[in-house]
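Treat the numbers as computed from the prediction; the structure is a model and nothing was measured.
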Amino acid sequence: MDIKRVAIDAVNETIVMTVVHMDYKGQVAKRINEKMPLATVKGFRKGQVPKDLVEKQYGKAIKQEEVQKVVDLALERFVQSERLNLLGTPLAKVNENFDWDAEELTFEYEIGLVPNFEIDLEAKNNIVKYIVTADDKLIDGQVERIQKQFGKAIPQDKVEADSDLTGTFSNEEKGINNTTTISVSTFNKKAGDKFIGKKVGDVVTVSTKGLFEDDHQLMDYLKVAHDDVHGLDIEVNFTIEAINGAELAELNQELFDKLFGEGKVASLEDLKAKIKEDAEAQFAQQADQKLLLDVQDFLIENTKFDLPAEFLKKWLQTVGEKKLSAEEAEVEYARSEKGLRFQLIEGKAMAQSNIQITFEDLKAFTTNAIRQQMAQFGQTNPTDEEVQGIVARVLSNQEEVKRLSEQVVAEKLLEVFKEKANPTTKEVTYEEFIAASYGE
């Protein structure tokens, strides 16, 4: 067998393979011999069919199967031996006039290669690292929400500006169907005004675009996935099931202990300090996420390399349970190209910065995530045994391991980007951060 690479350009090649009789004749003969005792041809008893008739009836199909096995194995070994860094998998070129009776059988496979490029993490940029502070307005608003949440609910006949609503957000097309309780003041003013005067049983239609001050609130109230919240622009229905005002709870030690554990908060000043601490920790995560996205956009824009685009569009037509048309593959490629480019840049950045992910890294990240999640549900002091039991269950799921590994990589890269990209630091309020993030 002869096998070689034919370069088309820096990211496209063809693998040409020439198969001769010696490469497959032994296995074909063996298969024919195995077939003879089982062959049935009219006029002959089973097992008594002459070999030439067996070859005539089954030989072509057996030859094609064995040749394909030889080709598949040779292709796999060739890719490994040449250490080819592929995008997608090899695609067989279709030859409508292929002659299976030829002395030499030639097969051609298109391949797309990972481009060779360099990245400059220290390139001049205008990236901003935001330090987000919780101002008095935000803290006072949170104090009031706590008092309403733990106060006495007072049923109302119709919606007022300070009402709390229980109801269900729904959008059949997007699979949204979530029952929640929300204050009218949580909506933006335009959406909130739509609810004023409504009664139980009424359905109010609102747009998700700008529905809340922070798009991330769509995750809480509509149960929209994080990857979908930014820029989501659909209409959802809210069916009102209950309307309540509130008699505000008294800010006393009993309430403080219920919220934060016995003795941890002892006054309104302590409460505000705790709210500020918790809010700014959450804001820091959002600011880090924005920084990561801004660095990603900068690197994608400023790191130039070619992709084997036409090859990948053809390849996309062949993968997945549902085969795509050429037009569908074109759309899918356009949708995924940016992600693919950053995936390649991310790999290069990890290699350049010698970033490696160990099981201990993954375990530590998962442990911290589990503790944070448990704290959100009021379990502030779980035992190590409880946490590690949950961690073990999570890490036994391969899909979860993959998802968490991606988050660990993002966290490590973020630290590299903070150091190398040298972003400008800017302190802002949460409202200013939201305006900078979403242009509101």
For this session: Flag the pair T318 / L316 as yes when at least one side-chain heavy-atom distance between them is below 4.5 Å, and no otherwise.
Result: no
For this session: Find the distance between CD1 (I357) and CD (Q407) and round it off to the nearest 0.5 Å.
Result: 12.0 Å
Problem set entry | S170-N177 side chain donor-acceptor pair, cut-off 3.5 Å | no
Exercise. Are the charged groups of E247 and K152 less than 4.0 angstrom apart, N to O?
Worked result: no
Problem set entry | Residues R371 and D384 bridged, charged N to O under 4.0 Å | yes
Exercise. Can you tell if the side chain of L121 reaches within under 4.5 Å of the side chain of F417, non-hydrogen atoms only?
Worked result: yes
Exercise. Are any non-hydrogen side-chain atoms of K338 and D297 less than 4.5 angstrom apart?
Worked result: yes
Problem set entry | Side-chain donor-acceptor contact under 3.5 Å, D278 with Q282 | no
For this session: Drop me the distance from K148's NZ to T181's OG1, to the nearest 0.5 angstrom.
Result: 11.5 Å
Problem set entry | Exercise: do Q80 and R77 side chains pair donor with acceptor under 3.5 Å | no
For this session: Decide yes or no for V114 and L86: does some side-chain heavy atom of the first lie under 4.5 Å from some side-chain heavy atom of the second?
Result: no
Exercise. Thinking salt bridges, do K426 and E432 make one under a 4.0 Å N-O criterion?
Worked result: no
Exercise. Got more than 12 heavy atoms from elsewhere within 6.0 Å of NZ, K276?
Worked result: yes
For this session: Just say parallel, tilted or perpendicular for the rings of F117 and F305, cut-offs at 30° and 60°.
Result: parallel
Exercise. Got a second to check how far F187's CZ is from F238's CZ, nearest 0.5 Å?
Worked result: 5.5 Å
Problem set entry | T133-E427 side chain donor-acceptor pair, cut-off 3.5 Å | no
Exercise. Around K190, counting heavy atoms of other residues, nucleotides and ligands shown, do more than 12 lie under 6.0 Å from its NZ?
Worked result: no
Exercise. Would a 4.5 Å heavy-atom cut-off, applied to side chains only, mark I146 and L271 as touching?
Worked result: yes
Exercise. Between D164 and S183, is any side-chain donor less than 3.5 angstrom from a side-chain acceptor?
Worked result: yes
Problem set entry | salt bridge (Lys or Arg N to Asp or Glu O under 4.0 Å) between D270 and K274, intermediate numbers included | CA-CA 6 Å; D270 288 350; K274 180 63 175 171; over 6 Å; no
